[in-house]
Amino acid sequence: MNKYIPSSIESKWQKKWKEDKLFSPDMEVAKNPYYSLMMFPYPSAEGLHVGNMYAFCGSDIHSRFKMMQDLDVFEPIGLDGFGIHSENYALKVNQHPVELSKITEKRFYEQLMMIGNAYDWTRTVETFKPNYYKWTQWLFLQMYNKGLAYRKKASVNWCPKDLTVLADEQVINGACERCGSIVEKKLLEQWFFKITDYTERLLGNLDKLDWSEKVKIAQRMWIGKSEGVMLKFNSEDKAAEVEVFTTALDTVFGVTFLVVSPENPLLQKFIKEDKRERVDQYVKAVKKKTESQRMENREKTGVFTGGYVINPLNREKVPVWVADYVLVGYGTGAVMGVPGHDARDHEFAQKFSLKVKPVIKPKDGFKGADVGQDGFWDYPEIKNQFAETSVLFDSAQYSGLTSKEAKQKMSDYIEDNNLGKRQIQYHLRDWLISRQRYWGPPIPIIYCDKCGVVAVPEKDLPVELPYVSEFRPSGKGQSPLATSADFYNVKCPNCGGKARRETDVSDTFLDSSWYFLRYPSVEFDDKPFDKQRVKKWLPVDMYIGGAEHSVLHLLYSRFITMVLHDLGLLQFEEPFSKFRAHGLLIAEGAKMSKSKGNIVNPDDYIKEYGADTLRTYLMFLGPFSEGGDFQDKAIGGSYRFLQRVWALQEKVTDSVILSEAKDLQMMHKTIKKVTEDIEQLKYNTAIAAMMEWLNYLSRKEKVRAEEYKIYILLLAPFAPHITEELWYIIGESGSIHKESWPKFDNKYLEEEEISIPVQVDGKVRDILLIQKDIIDNREVVEKIAMESQKVQKFLQGKSVKKTVYIPGKIISFVVSN
RNA sequence: GUCCAGGUGGCGGAACGGUUUACGCGAUAGUCUCAAAAACUAUUGGUCGCAAGGCCAUGUGGGUUCGAAUCCCACCCUGGACACCA
């Protein structure tokens, strides 16, 4: 027997698989297409770390498993190479992104080759190549023509470090999701996609999708639907009207003030002359405050405007304040202040000594601490366990009603009297796609002095990204392309007159919002995707990726797919039938990051132990959906495991007949376990089952060829190289990865003797071995149990009050009270 | 603050109403060796005991059940997502 030397067999098979196009299904004739997709990486020349490998291997194992279930699996790979991530890396190492992209492409593909994934290397997609971004620009044009891309001047999120605007989805906790800088607000003219036109569909379809629940929840939260009413408040003198949105109309009798946000133009109408100076001062001060100052200090501030409005339900006079805790971007930029039942309003009222008036109480009255001395009661909207049991008081004819009833009746009243209307608000806002950076697809728009905004004609695509040596972002709210006269000076496609190109590029998430459509159609230069191909291969059967893309990539892709569906270009409106989020691989108890210096490089491990060992170890260290902790020491265990599988070939013989019931049972039990576990991505327990069977086989004198063959078939998705080699060693031909997955038969799983624990008062006192044929005979089994000496010891002198027997499971005697 | 995961040996983790600690790492002892490494074999939750065996252990406190790591309630931690969204 040869020694197991991973390095020599792994590269050999990788080369052969690629040459033979083993993992390139025929796009046209494949009978059972199965599209298995992994989120493609955004490359930087540092290469993939072991956390990336973890994700890619997990997806690959599932793909290979499906392949062996005789499906024509299409498992493509590509690079999401445009965007800030790659560009920042270029800035850091001071190399031009164009050159760098060539290096990173090579490096990434080499690494992905080394790990042994079953990629179709004939169909890669790189978003930064003109033959791809031509169609990203085409997509923009479709959006534009459908009225879903529009330009507006808006206060947008500006990252002071990356020197570009960001989408709302890219701002986390007031900070840039890339670099962590606190974002600023900037007024700029930008391109937006009207994702808000699709809100209800994006929300509604979620229920039908087979996706990881946490991702669906994140999307629902992001869309942020809330139902309430839009209520009109007239100023005292009826000269002005302001609308507020509320989800808690039942508290309307508790309104003691009204707050308008400093940015709200309606504010002006409420300011009384004697207060103008102070109000102006306040508004100015707020505008000067940076976002970070606002984040840090959340203490309530505000100024009384001098104006009053009338509460439409009880006709009470309510003072109007201006305060920056009211956001201009949500609802109407004005809220009714109910300090009795809203924590923020309460805080505000306390600070400025405004009246607090509770109007809802528990059905059976307040109990001591329910309502504080300051009159604040944590009302249902905050602690909704009270929602069912609380009633209104001091609310005219609505007193005594529950919140739900009151909301109903008050809404009716408001609508009947034209005081407002029921309304649904969403958190989701339109997708800002302009970026003032270099490394992205130029937005295909031309501005003509005469014709205005003109779309670049489709025949002129791609608008190629020029090689600009000064690719650094300028920070002036303009892309570096704005310095290239050759680029921006154009003739208007309409009138031929002097015109100027849009110099911003589009968001990298636009590149990735449709890449899955391109893979099956990469060879077509005249269209983004071929109708027949799409029909055959999409939607994606299984999509695996990180949960960090819950509201970015995964939401945008769904939106874009819906639009293409509405344009009649796709038959489906959801791109990913099944999505599973993988867990995060951490190292030394912490997230892998450069700053912590705990990045683990997979190359070293591949060199030392081989890709098969690394794959097996990564998949064994914890449940794939939950991630785990990478421990350097423990990887040796996986290496030993494969060594032992290799060594087992010595014991293989054809002369022993596989007849022992126990042998068959182990085999079928393992097939069952591994099959079911892979299906659910529970790779760690699948591998544990393989180890158990291996331990069993190693203890035997001889191992039958049949057993060994099935063993390596089950192991093939996890360790593709060693199993391929062993496949040839045992005299088989063709690739093991094109073999059919072993099947199990339940008839071998039953045992002759079944062990039944016997409990006395809930504690196990003995374990009986019961013959299969009497297992259902309650009396006999109970008698055997009762007669057990170990059990008798605990029954002595006591009477059995109750006996529970679950056939084949357990027997339980109850003696105590 | 809200939402979502989780808290089980020295460690990563199994089990997810029915024998807690599968599988692996580590540790200890042994075999082999001049020696070491590797490999192989055995032991390995705590505690009392010479042993048989007992008792105690799944974050804490209650509850449901013949039986709870698992289900319910409250609380305490850890990780993640969202967050002045009215």
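Every heavy atom of this structure was used, including side-chain atoms; hydrogens, water molecules and symmetry mates were not. In what follows, every chain begins at residue 1, and chains take the letters A, B, ... in the order their sequences are listed.
- Among residues two or more places apart in sequence or in another chain, the side chain to side chain contact (heavy atoms under 4.5 Å, CB included) test is passed with A:Lys809 by A:Ile806.
- Between the CD1 atom of A:Ile217 and the P atom of B:A83 there is a distance of 16 Å, rounded to whole Å.
- With hydrogens and angles ignored, the 3.5 Å screen pairs no side-chain donor or acceptor of A:Ser212 with any backbone N or O of A:Lys214.
- Listed by first then second residue, pairs satisfying side chain to side chain donor-acceptor pair (under 3.5 Å) with a partner in residues 619-637 of chain A read A:Tyr605-A:Asp632, not counting sequence neighbours.
- Ion pairing between A:Asp210 and A:Lys216 fails under the 4.0 Å rule for side-chain N and carboxylate O.
- Across the strands present, B:G10 finds its partner in B:C25; the criterion is a Watson-Crick or G-U wobble pair with both atom distances under 3.5 angstrom.
- Taking syn as a glycosidic angle within 90° of 0, B:G17 does not qualify and is anti.
- Partners of A:Lys351 according to the side chain to side chain donor-acceptor pair (under 3.5 Å) rule, which considers only residues two or more places apart in sequence or in another chain, are A:Glu299.
- In this structure B:U31 sits in a base pair with B:A39, meeting the Watson-Crick or G-U test at under 3.5 Å.
- Remark: B:A52 base-pairs with no nucleotide in the shown strands. Criterion, Watson-Crick or G-U wobble with two distances under 3.5 Å.
- Straight-line distance between the C1' atoms of B:G46 and B:U41: roughly 26 Å, to the nearest whole Å.
- Look at A:Lys763 and you won't find any side-chain N or O under 4.0 angstrom from OP1 or OP2 of B:A57.
- Between A:Ser226 and A:Phe245 there is a side-chain heavy-atom pair separated by less than 4.5 Å.
- Rounded to a whole angstrom, the distance from the P atom of B:U47 to that of B:G10 is 10 Å.
- Distance A:Leu618 CG to B:G24 P: 18 Å, rounded to the nearest Å.
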Between the protein and nucleotides 41-43 of chain B, which nitrogen or oxygen pairs come in under 3.5 angstrom?
none

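- Applying the side chain to side chain donor-acceptor pair (under 3.5 Å) rule to A:His553 yields the partners A:Tyr543, A:Ser557; only residues at least two apart in sequence or on another chain are considered.
- The nucleotide B:C16 finds no pairing partner, because no Watson-Crick or G-U wobble arrangement with both distances shorter than 3.5 Å includes it.
- When the side chain to side chain contact (heavy atoms under 4.5 Å, CB included) test is applied to A:Leu266, the partners found at least two apart in sequence or on another chain are A:Val242, A:Asn264, A:Lys269.
- Remark: A:Lys772 engages A:Glu750 in a salt bridge, criterion side-chain N to carboxylate O under 4.0 Å.
- The neighbour count for A:Glu213 CD, taken as heavy atoms of other residues, nucleotides or ligands under 6.0 Å away, is above 12.
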- [ ] Would you mind building the protein contact string for nucleotides 7-23 of chain B? One character per nucleotide, 5' to 3', B for base within reach (heavy atoms under 4.0 Å), S for sugar-phosphate only, - for untouched.
- [x] ----SBSSS--BBS-BB
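- A search for ring pair (Phe, Tyr, Trp, His ring centres under 6.0 Å) contacts involving A:Tyr4 returns A:Trp646, not counting sequence neighbours.
- Of the charged side-chain nitrogens involved, at least one lies within less than 4.0 Å of a carboxylate oxygen, so that A:Asp207 and A:Arg220 count as a salt-bridged pair.
- Distance noted for atom P between B:U21 and B:C16: 14 Å (whole Å).
- When the P atom is compared between B:C50 and B:A38, the two are found 37 Å apart, to the nearest whole Å.
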Listed pairs, N/O of protein and of nucleotides 50-53 of chain B, under 3.5 Å:
none

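- Backbone-only engagement by A:Arg765 is indicated by non-hydrogen atom pairs under 4.0 Å involving sugar-phosphate atoms exclusively.
- A:Leu555 has its CG atom 15 Å from the C1' atom of B:A81, to the nearest Å.
- Taking atom C1' in both B:U64 and B:A74, one finds a spacing of 15 Å when rounded to whole Å.
- A:Gly637 comes within 4.0 angstrom of the backbone, heavy atoms only, and of no base.
- One interatomic measurement links the two molecules: CD of A:Gln219 to P of B:C4, which rounds to 17 Å at whole-angstrom precision.
- Atom name P, nucleotides B:A69 and B:G63: the rounded distance is 15 Å, in whole Å.
- Each of A:Val171 and A:Ser638 was matched to the nucleotide of RNA chain B holding its nearest heavy atom; the match closer to the 5' end belongs to A:Ser638.
- Applying the side chain to side chain contact (heavy atoms under 4.5 Å, CB included) test to A:Leu749 and every residue at least two apart in sequence or in another chain returns A:His668, A:Lys669, A:Lys672, A:Asn746.
- B:C75: Watson-Crick or G-U partner is B:G59, with both key distances under 3.5 Å.
- Taking atom CG on A:Asp342 and atom P on B:G1, their separation rounds to 16 Å, with Å as the unit.
- A distance of about 27 Å separates the C1' atoms of B:C75 and B:G13, rounded to the whole Å.
- Going from the C1' atom of B:G7 to that of B:A57 covers 15 Å, rounded to whole Å.
- Enclosure of atom NZ in A:Lys225 by more than 12 non-hydrogen atoms of other residues, nucleotides or ligands within 6.0 angstrom is indicated.
- Atom CE in A:Met221 sits about 12 Å away from atom C1' in B:G1, given to the nearest Å.
- The CG atom of A:Leu769 lies 10.5 Å from the CD1 atom of A:Ile784; values are rounded to the nearest 0.5 Å.
- The partner of B:C3 is B:G80, judged by Watson-Crick or G-U wobble contacts that both fall below 3.5 Å.
- The nearest whole Å value for the distance from the CZ atom in A:Phe630 to the C1' atom in B:C25 is 13 Å.
- Across all strands shown, B:A69 forms no Watson-Crick or G-U wobble pair with both key distances under 3.5 Å.
- Looking at residues two or more places apart in sequence or on another chain, you find a side chain to side chain contact (heavy atoms under 4.5 Å, CB included) between A:Ser550 and A:Val215, A:Ala218, A:Ala547.
- Under the 4.5 Å side-chain criterion, counting only non-hydrogen atoms from C-beta, A:Arg765 is not in contact with A:Val758.
- One N or O donor and one acceptor, one from the side chain of A:Lys300 and one from the base of B:C84, sit under 3.5 Å apart.
- A:Leu585 has its CG atom 18 Å from the P atom of B:G79, to the nearest Å.
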N/O-N/O pairs, protein side and nucleotides 36-40 of chain B side, under 3.5 Å:
none

